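Heads up, the thing below is written out as structure tokens.
Heavy-atom basis, side chains included; hydrogens, waters and symmetry copies ignored. The chain is numbered in sequence order, starting from 1. Just so it is clear, the model here is predicted, and its values are computed rather than measured.
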Amino acid sequence: MPEKAPRRGLRATSLAAASAVLALGLTACGGDEAAGTGVGFEDCLTEPTTCNSGPRAEGGDLTWAVGGKWEAWGQADIYGSSLSTSIINQPLRPTVFTYDQAGEIHYNDGIYSEGPELVSEAPLTVAYHLKPEATWGEGTPIGIDDFLWHWKATSTDEAQCAGCTPATSYGSNVASIEPGVANTVVVTYKDGYLDSEWYAAQVITHPAHIAEARGHADWRTDPAVMAASVADFSENPPLDYSAGPFRMTEGVLGDYAKYVPNPEWTGSQQSTLDSLTLKYIEGADAMATELRQGTIDGAAPSSFDPEILDQLAADENLKYSVAPQSGWSHIDANFDNPFLAAEPLRRAIFTAIDADEINARAYGTAFEGTETMTNVLFRPGSEFHTDQIGDSGLGSGDQEAARAILEDAGYTWDGDALLTPEGEPVSLRFRTGIEGEAFTPIIQDLVITYLGDLGIDLTTDPIPGGELNSVLEARDWDLILFSWIETPLFASSAADYWGEGNHTGFQDDRVDAIVAELATTLDRDRAAELNNEAAQISLDQSVQLPLAWTPQLVMVDKDVVNVRDNWATTMRVFYNVGEWGFAE
């Protein structure tokens, strides 16, 4: 089904620049998220952070299939904010940190000598300690100009970047960026602005000196030139810089990118490969075929037909694993629709839908342990998890209770057809991404049945591949099924999901107050409490029905080591790409 990753700067408050991929920052973890089924990854049940590891041979050319077409190379604007673009850049992009499968944070020791330091709470001030030897792969050190360039690129201020459409709103909250002592860069935020996840801000994306070398020397003083430099990074492959374990040597947009180890990289992830090629292949079936033929060495498709698992299990040269990962599926209601503007109808619909049956008949065909969600932000193992569904009836499949909700609100039936209190037949359009999906058609058919039994005339309208963003932002749907992709970061969830400009049109003064308070606290426990409150309000108002953390597949040649899935990052297997290799 379509998936979407959320905007995440320091406080992203609108989906207007959200990722253009099918597929949003998930929240805290814990427990046995790494547990799964498969062959060759059995140690992931007990050793999720080190499974499928082993000594690596020196050399080798590893080819990996990626399932999403990237439409830009840059990472600073909306055009490059997709998950696909993030993945294609992961071998060389200047990340601040990643999470492992245990939910533990690891800062990028190839760029930073230590994690970000909280210098002051009023105003919020954070110091970044750069390694003196950290470079852009061609001798130029990473430095303050790179912080300044990213600030301008994401400022949302026309006087800083004319006509820019930033991927995050990070820069809009920054007051100043100044040099500190001993190779330190100090970022000070505007008075009154706070973020309980201040340590997670993405503070650099591209090298300022390369912007100058590409003809944009006046980026500091001319907002039009600054915008041109952003577009340049978006339109052209990063062949002239790297801030990761690999350098890109060639690439074709949406087709492939080839990398070799970055000799200037000083991080702990040191590659043993001669080369790494990321190649677009559409669909898990095609990926599996090429894997069996030996033309690729691995893949981690975002969706797959469970029938493929028998083929993988029968091939002694392959290893594979299936487990719930970072995506969570849900069905949402569009408040712009005149029928769905009425809360009783929304509640009746989400009561009539049987979430347990959907999860068992769809996701359960790939992973028997699929659980129905009871909290839209936190997994059951999290210290912040609370049961937000309870005895509300949401997702129960209780047709009798659903009809009672409608009768109490004045709805009637003309034969089998549901009528509003004004006597109008209820008809809705349900949109899903069917193409290349195995689970979605099952879910779609079940929802048609549930709502048909309720008397609703439901038509289906598939979302063309790659068009989820435009469909969401135009609100060109009545009911919609897709997945958010998330990480253990959650402070901006209320703003992203239910705040101003959210994709459903839902608005609630209590949620707006929560969003405002979240921007004024450094207390992560309080941030979790506030986000849970916002989530409960949304469920009480029947904004959406959460279904499940969806199972995903990773499959590799038996000789590939140090590849393992990671539920705690949108990058999944790519979180440790510098450690991939062939068994010694």
Side-chain angles (χ1 to χ4, degrees), residues 5 7-9 12 14-21 68-95 136-138 140 142-172 174 177 201-244 247-257 278 280 466-467 469-470 473:
R7 294 181 68 198
R8 171 71 195 177
S14 167
L15 289 174
S19 94
V21 298
K69 276 186 174 289
W70 57 103
E71 299 177 349
W73 294 106
Q75 293 268 273
D77 63 8
I78 186 176
Y79 307 106
S81 64
S82 73
L83 183 60
S84 299
T85 299
S86 295
I87 286 173
I88 210 68
N89 278 283
Q90 182 66 5
L92 55 76
R93 70 191 186 112
T95 56
W136 285 104
E138 35 68 284
T140 304
I142 295 173
I144 189 170
D145 278 355
D146 307 313
F147 284 73
L148 293 171
W149 186 93
H150 183 68
W151 175 19
K152 287 178 175 290
T154 59
S155 68
T156 68
D157 182 357
E158 289 286 317
Q160 297 291 333
C161 194
C164 288
T165 52
T168 78
S169 58
Y170 159 78
S172 64
V174 173
I177 297 179
Q202 183 67 33
V203 290
I204 52 176
T205 47
H206 300 293
H209 74 284
I210 294 295
E212 296 173 11
R214 292 185 179 186
H216 313 291
D218 295 332
W219 64 267
R220 295 173 182 80
T221 56
D222 189 328
V225 173
M226 179 64 209
S229 72
V230 173
D232 194 318
F233 283 122
S234 186
E235 295 165 2
N236 295 292
L239 304 179
D240 44 1
Y241 65 90
S242 171
R247 287 184 61 96
M248 189 183 295
T249 59
E250 55 183 288
V252 174
L253 194 67
D255 187 5
Y256 77 96
L278 304 184
Y280 172 71
E467 296 187 15
N469 262 11
S470 59
E473 290 169 14

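- When side chains are defined from C-beta on, I210 does not count as touching W136, because their heavy atoms never get closer than 4.5 Å.
- The shortest non-hydrogen separation linking V225 to A217 is CG1-N, 4.5 Å.
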Mind running side-chain contact (heavy atoms from CB on, under 4.5 Å) on R247 and E138 for me, showing each step along the way? CA-CA 10 Å; R247 287 184 61 96; E138 35 68 284; 4.2 Å; yes
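- Not counting sequence neighbours, the partners of D240 by the side-chain hydrogen bond (donor to acceptor under 3.5 Å, both in side chains) test are R214.
- Rounding to the nearest 0.5 Å places CD1 of I88 at 9.5 Å from CG of L253.
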Dump the intermediate steps for side-chain contact (heavy atoms from CB on, under 4.5 Å) on T85 and Q75, then the final yes or no. CA-CA 7 Å; T85 299; Q75 293 268 273; 3.2 Å; yes
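- Taking 4.5 Å as the limit, some side-chain heavy atom of V230 sits within range of a side-chain heavy atom of C161.
- A salt bridge does not link K69 to D255: none of the charged nitrogens lies less than 4.0 Å from a carboxylate oxygen.
- Not counting sequence neighbours, H216 has no partner by the ring pair (Phe, Tyr, Trp, His ring centres under 6.0 Å) test.
- Between atom CD1 of residue I78 and atom SG of residue C164 there is a gap of 12.0 Å, rounded to the nearest 0.5 Å.
- The CD1 atom of I204 lies 11.5 Å from the CG atom of L148; values are rounded to the nearest 0.5 Å.
- Defined by atom type and a distance below 3.5 Å, a donor-acceptor pair is missing between the side-chain atoms of H150 and Y170.
- Between the side chains of N89 and W70, no donor N or O sits under 3.5 Å from an acceptor N or O.
- A donor-acceptor distance shorter than 3.5 angstrom exists from the side chain of D146 to the backbone of A208, with no hydrogens or angles considered.
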Any chance you could lay out the side-chain contact (heavy atoms from CB on, under 4.5 Å) test for S86 and R93, step after step, and finish with the verdict? CA-CA 8 Å; S86 295; R93 70 191 186 112; 4.3 Å; yes
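- Under the side-chain contact (heavy atoms from CB on, under 4.5 Å) criterion, E250 pairs with Y256, K258, sequence neighbours left out.
- The CG atom of L239 sits 7.5 Å away from atom CH2 of W73, with the distance rounded to the nearest 0.5 Å.
- The shortest non-hydrogen separation linking H206 to A76 is NE2-N, 3.8 Å.
- A side-chain donor-acceptor contact under 3.5 Å links W151 to the backbone of G171.
- Applying the side-chain hydrogen bond (donor to acceptor under 3.5 Å, both in side chains) rule to T95 yields the partners N108; only residues at least two apart in sequence or on another chain are considered.
- Within the structure, salt bridge (charged side-chain N to carboxylate O under 4.0 Å, His left out) pairs that include any residue of residues 149-158 do not occur (at least two apart or interchain).
- For the residue pair P238 and L92, the shortest heavy atom distance occurs at CG-CD2, 3.9 Å.
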Full working for side-chain contact (heavy atoms from CB on, under 4.5 Å) between S155 and V174: CA-CA 8 Å; S155 68; V174 173; over 6 Å; no
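- Between the side chain of D232 and the backbone N or O of A228, no donor-acceptor pair lies under 3.5 Å.
- By the side-chain hydrogen bond (donor to acceptor under 3.5 Å, both in side chains) test, W219 pairs with E212, sequence neighbours left out.
- Taking all atoms of both residues into account, the shortest heavy-atom contact from S242 to G244 is OG-N, 3.3 Å.
- Between F233 and Y241, the distance from one ring center to the other falls under 6.0 angstrom.
- A heavy-atom distance below 4.5 Å is found between the side chains of W149 and S229.
- Within the 4.5 Å cutoff, the side chain of M248 has no heavy atoms near those of the P91 side chain.
- Contact detail for S234 and A72: the closest heavy-atom pair is OG-CB, 3.3 Å.
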